[in-house]
2 protein chains.
Amino acid sequence: MAAAALENTKETIAMRVVDALRDDIITMALKPGDVISESDIAGRYGVSRQPVREAFIRLAQQGLLLIRPKRATVVKKISPLGVRQSRFIRESIEVEIIRRVAGQPSDDAADVLTKLIADQEAASDAGDSRRFHTLDELFHRTLARLAGVEYAWQLIDDHKMQLDRVRYLTLGVSSTQRAIAEHKQIVEAVARADAAAAETAMRAHLARAELLLNQTISDFPDYFE
Amino acid sequence: MAAAALENTKETIAMRVVDALRDDIITMALKPGDVISESDIAGRYGVSRQPVREAFIRLAQQGLLLIRPKRATVVKKISPLGVRQSRFIRESIEVEIIRRVAGQPSDDAADVLTKLIADQEAASDAGDSRRFHTLDELFHRTLARLAGVEYAWQLIDDHKMQLDRVRYLTLGVSSTQRAIAEHKQIVEAVARADAAAAETAMRAHLARAELLLNQTISDFPDYFE
DNA sequence: GCCGACATGCTTCCATACAAGATCGGCATT
DNA sequence: AATGCCGATCTTGTATGGAAGCATGTCGGC
């Protein structure tokens with residue numbers, strides 16, 4: 001396990017426990033299939049069972065924990081079906097976003113995106129895959145903002161967590177160079193206001209995740225259902 | 001308020017409270033802006049505060065309640081922005097779905113959909129708007145199943161609840177005849193395997209919700225932010 | 001040797017008591 | 001009369017004890 005101290009940032013203990021556990025789950029410090037209990041976590045963080053229990057409820061609703069009443073609570077294994085359907089949702093939305101952005105092109109849209117790609121190249125050259133990941137997410141979030149639906153991006157954050165766990169497992173595997181090249185293609189199409197090309201490029205970009213998923217399933221079979 | 005007795009179907013008390021409260025909220029028995037408290041609801045259902053509190057947490061995560069720590073808990077007012085972004089998500093997904101269904105037409109797909117429309121006409125003639133609503137939802141869910149993404153439909157159920165509250169307010173206003181006509185257009189396009197026409201029809205169908213939303217906001221201004 | 005009843009130790013679930021922040025009213029002071 | 005203090009009384013947050021269900025391993029019967 002990771003730290004035994006809670007960040008003192010959030011208001012309530014329950015919220016701090018939520019943040020700590022979610023981080024442990026996404027970073028695989030708590031592995032899919034691991035069994036945890038209220039008193040276990042409570043003792044580990046030096047708090048009572050009640051806030052831990054409420055944290056469990058929140059994380060269970062986010063699909064990260066599975067509470068089996070009167071039995072136990074386990075870190076939910078990653079569901080390939082769930083991941084694929086989450087990808088379907090994400091692809092549907094991102095395609096719609098890229099159409100809008102390419103359809104109503106603003107002057108600085110391409111500039112902002114180009115600058116983000118430059119940052120990604122810097123992170124890639126430095127071998128900082130964690131920062132690359134963050135910038136990659138920012139790239140897609142920026143597209144949502146340019147389309148005027150940034151709030152919608154927050155709405156699907158819960159579903160994205162399933163994808164994030166898979167992505168964390170692929171940090172060393174995925175080719176950052178290839179992702180950067182695909183981002184460039186998308187921006188180029190947006191700059192030309194070519195919605196069809198932008199959509200095609202976006203679908204191709206997201207399709208690579210399917211290969212990564214299959215690779216990950218065979219690399220870590222125990223983490224999947 | 002509505003019933004003071006909990007259905008004895010679900011496993012735990014907390015789950016029963018969740019179901020009861022959610023139903024009261026969607027059917028506007030609990031109105032947006034209403035202030036409730038744990039002990040209030042607990043006394044009303046004859047249970048302790050604890051399961052009620054857990055129900056509050058779940059409903060807050062679903063966007064139906066707003067817990068203000070140490071202050072109170074209120075039934076969340078409907079956010080027009082949130083509704084529009086939920087609609088954006090839904091439209092993105094449904095367009096993708098209708099493309100797939102129209103793209104890979106199965107023989108009985110049109111038959112199943114046609115039968116559903118017939119049921120809707122029957123409900124409309126009988127003036128049973130509640131049943132019409134249920135069938136309408138089934139129509140769209142069936143499309144998701146035909147596209148092979150029924151599970152994704154469940155994933156966005158949480159967001160749909162925002163739309164459901166608005167829809168409940170429009171039960172007497174919306175034109176069932178018009179909705180049926182639009183459904184027929186969609187099915188016709190699917191039967192002809194005309195993906196472009198199906199997409200256009202679906203967008204038009206969903207666009208009507210924007211008008212209903214604006215109408216509802218002016219009819220019930222107190223229910224919105 | 002095999003199989004089932006049962007005790008034991010786990011878990012989550014619920015109830016209750018207390019703690020701590022927030023609100024609102026009365027009341028003293030200015 | 002206006003204003004600021006302060007306490008009664010709400011609220012949600014946390015702690016703890018016990019109840020109920022489930023899994024497991026032991027022991028007795030066959």
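By convention in this document, chain letters (A, B, ...) are assigned in the order of the sequence lines, proteins followed by strands, and residues within each chain are numbered from 1. All heavy atoms count here, side chains included; hydrogens, waters and symmetry mates do not.
Residue pairs that meet the side-chain hydrogen bond (donor to acceptor under 3.5 Å, both in side chains) test with at least one member in residues 55-77 of chain A, sequence neighbours left out, are A:R22-A:Q62.
Protein chain A touches strand DNA chain D; the 5'-most and 3'-most nucleotides with an atom under 4.0 angstrom of its non-hydrogen atoms are D:dG13 to D:dA23.
In this structure, B:R71 reaches the C:dT23 phosphate: one of its side-chain N or O atoms is under 4.0 Å from OP1 or OP2. Phosphate proximity of C:dC13 to B:T12: absent, as no side-chain N or O sits under 4.0 Å from OP1 or OP2. An OP1 or OP2 oxygen of C:dT12 is reached within less than 4.0 angstrom by a side-chain nitrogen or oxygen of A:T73.
Residue B:H183 is tested with B:E121, B:R178, B:H205 for a side-chain hydrogen bond (donor to acceptor under 3.5 Å, both in side chains); the sole match is B:H205.
Between A:A14 and A:P69, the residue anchored nearer the 5' end of DNA chain D, judged by the nucleotide with its closest heavy atom, is A:A14. Comparing B:E38 and A:R68 by the nucleotide of DNA chain D that holds the closest heavy atom to each, the one mapping nearer the 5' end is B:E38.
Here the C1' atom of nucleotide C:dG9 and the CG atom of A:D40 are 16 Å apart, to the nearest Å. Per the geometry, CD belonging to B:Q50 stands 11 Å off P belonging to C:dT16, to the nearest Å. Going from atom CZ of B:R53 over to atom C1' of C:dA19 covers 13 Å, rounded to whole Å. The CD-C1' distance, from B:E11 to C:dC14, rounds to 15 Å in whole Å. Separating the CZ atom of A:R49 from the P atom of C:dT16 is a distance of 16 Å, rounded to the nearest angstrom.
Among residues two or more places apart in sequence or in another chain, the side chain to side chain donor-acceptor pair (under 3.5 Å) test is passed with A:Q50 by none.
Between B:R84 and B:E210 a salt bridge is recorded (basic side-chain N to carboxylate O distance below 4.0 Å).
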Side chain to side chain donor-acceptor pair (under 3.5 Å) between A:S124 and A:T176, worked out:
CA-CA 6 Å; A:S124 176; A:T176 57; 2.7 Å; yes

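Residue-level contact check: A:I36 touches the backbone only, with heavy atoms under 4.0 Å from sugar-phosphate atoms and none from bases.
Counting only distance, with no hydrogens or angles, the side chain of B:Q85 and the backbone of A:A152 share a donor-acceptor pair below 3.5 Å. A donor-acceptor contact shorter than 3.5 Å is absent between the side chain of B:R203 and the backbone of B:V95.
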